[in-house]
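Read through the structure below, which is laid out as structure tokens, and then see the notes.
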Amino acid sequence: MEEFITTHRMNPDIDPVLTIWRWQVSVYLFLGGLTAGLLILGALSVLQRRKAAPTAAQRLLVWTPVVLGVGLFSLFLDLEHKIHVYRFYTTFRVTSPMSWGSWILLLVMPVSVLLIAGTMRETWPGLYAWAERKGLRGLATFSEKRLMGLARLSVALGVALGIYTGILLSAYGARPFWNTAILGPIFLVSGLSSGAALVQWMSRDEREHRLYTRIDVGLIAFELFLIGLMLIGMASGPERQQAAAHLVFGGELTTYFWVFVVMIGLLLPVLLEVFHLKGRPQPRFIAPAFVLLGGLIFRFFIVEAGQLTTWIGY
Amino acid sequence: MAAKKRYAMVIDTKLCIGCGDCVVACKMENEVPEGFCRDWIVESVTGVFPNLHMEYRSERCNHCSNPPCVHACPTGASFVDDESNITLVDPDMCTGCKACIAACPYDARYVRPEGYVSKCTFCIHRVREGLDPACVASCPTHCMHFGDLNDPESNVSKLLESRPFKVLAPEAGTEPNVYYLI
Ligand code: SF4
Ligand code: SF4
């Protein structure tokens, strides 16, 4: 079958293939996932209260609003009608994942700030002193009293945020490569893995460093498993999904996927981490840096792959 | 209140010659910016030689009864007209987030240079005055028909009763309202 448009439809960003979402959206999805990962790991560490000494996971909480802020700015850059950005918050559309996301993000910001306020006395004494000088001690006391509740809420919101970044794409029935329910969990696991990598990188405590390296090995292995499931599901699905799977099995994105997403973004870092755990010396930042890079590459890949797959062939 | 209308377009692929007059008429009527199209012609060749089948189709937004573009819109800028099934975009509410573009299986939408999303409106401004959409009115072979499917007496209802037809990508589940007589 051959079908083509004879009166040249060359709508910008629509033809010849969809390119409506570019790096801004990929970067946002990556940073959103990283925020989710950092928030969940930090909050879990608060809930465990294993040690008196502040853990890197807790110290990194201070970056969550910043990372999310940069991510949101990137998303803002993608909006074509920026002046109307407030319209996200004048309504709630129950059928629109993007609307859900906007409101989840609005909750994550203040909750993460409160969680920082509740932990900073131990994790960032300097910040605590600064807040005290600015008359914000009440905020810290308020949060400290409710720390466990805040931590639990943070875990829930982190999970919602992590899954949402995937659902945002998987809800589009019009784009077969995105339209798989497993994308939400994959993005959550990938975000957690990015978070664990950052903790591993920043940790000054050898036990914590090894713990998060081990956690990350598990997460990456799980992510590989889920991605495998996604592709198997697609390849054995209806015609459109099979065509979508072909994109990485011989199609246009085959090299991109296998070399960059799988080998450089997932297998290489997990091997580096395993070697590290086995005592092979290597610079501390190498493995986590590759994990983070892998997370970013994965978002770029997914955003592009979805836009290459459609219901109509022209 | 009058019953809600279900406007549909019925296009006879046996008569369409792919001249593109509908495309030009739309551009003029709706002042579509240069380089953009709200409707377009597809030439389709199917089958294996020597049993080839060729058809022309004039395509546009299908004003789907189950419109994923409207469901995806986070602001309510994409909406279904109160009195009919015509899906529209309110430029004053649109953020240009492009969720609706990603959601449309037919790639019927685009972002206007001003930053908001636009697409075929079934010429609602003409329809409200009792006129046919510009594309329908301009077709030299009279292969395009416009009317209310909720009215069993309408020309479109009768055509669909008397002739075999298809819609585009019905598997996408959007319940399109542009029909092609085959
Ligand atoms: S054709 Fe596309 S834009 Fe038009 S109503 Fe259907 S989904 Fe929406
Ligand atoms: S681009 Fe505009 S009309 Fe489309 S989903 Fe976003 S806000 Fe709604």
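Model, not experiment: these values are computed from the prediction. Convention: sequence-line order gives letters A, B, ...; per-chain numbering from 1.
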Residues from residues 84-99 of chain B approaching chain A under 4.5 Å (heavy atoms)
B/Pro91, B/Asp92, B/Met93, B/Cys94, B/Thr95, B/Gly96, B/Cys97, B/Lys98, B/Ala99
For the pair B/Arg60 (side chain) and B/Ser58 (backbone), establish whether a donor and an acceptor sit closer than 3.5 Å, ignoring hydrogens and angles.
yes
Atom CD1 in B/Ile11, atom SG in B/Cys135: separation rounded to 0.5 Å?
7.0 Å
If you round to the nearest 0.5 Å, how far is CH2 of A/Trp21 from CG of A/Asp78?
8.0 Å
Select one option (side chain, backbone, both, neither) describing which atoms of A/Trp178 are under 4.5 Å from chain B's heavy atoms.
side chain
We want to know whether B/Ser65 and B/Asn177 form a side-chain donor-acceptor pair, criterion being a heavy-atom distance below 3.5 angstrom.
yes
Per-residue contact mode, A/Leu18 against chain B (heavy atom under 4.5 angstrom)
side chain
I'd like to know which of B/Ala72, B/Gly76, B/Ala172 tops the heavy-atom pair count under 4.5 Å against chain A.
B/Ala172
From the list B/His71, B/His53, B/Arg57, the residue making the most non-hydrogen contacts under 4.5 Å with chain A is B/His71
Name all pairs fulfilling the ring pair (Phe, Tyr, Trp, His ring centres under 6.0 Å) condition that reach into residues 5-35 of chain B, sequence neighbours left out, sorted by first residue then second.
B/Tyr7-B/Phe146
CE (A/Met98) and CG (A/Leu169) are apart, to the nearest 0.5 Å, by 9.0 Å
Quick one: OG1 on A/Thr309 to CH2 on A/Trp311, what's the gap to the nearest 0.5 Å?
10.5 Å
For the aromatic rings, using the six-membered ring if either is Trp, is the centroid distance between A/Phe30 and A/Phe300 under 6.0 Å?
no
Which of residues 103-114 of chain B have a heavy atom under 4.5 Å from any heavy atom of chain A?
B/Ala103, B/Cys104, B/Pro105, B/Tyr106, B/Asp107, B/Arg109, B/Tyr110, B/Val111, B/Glu114
Yes or no on side chain to side chain contact (heavy atoms under 4.5 Å, CB included) for B/Ile101 and B/Val117, after CA distance, side-chain angles and deciding distance?
CA-CA 8 Å; B/Ile101 298 184; B/Val117 164; 4.1 Å; yes
Selection from B/Pro33, B/Gly35, B/Gly173 maximising heavy-atom pairs under 4.5 Å formed with chain A:
B/Gly35
Any sub-3.5 Å donor-acceptor pair from B/Asp148's side-chain atoms to B/Arg6's backbone N or O?
yes
Return each pair, listed once, that meets side chain to side chain donor-acceptor pair (under 3.5 Å) where at least one residue sits in residues 87-97 of chain A; pairs must be two or more places apart or across chains.
none
Measure the spacing between CD1 of A/Ile302 and CZ of A/Phe177 and express it to the nearest 0.5 Å.
5.0 Å
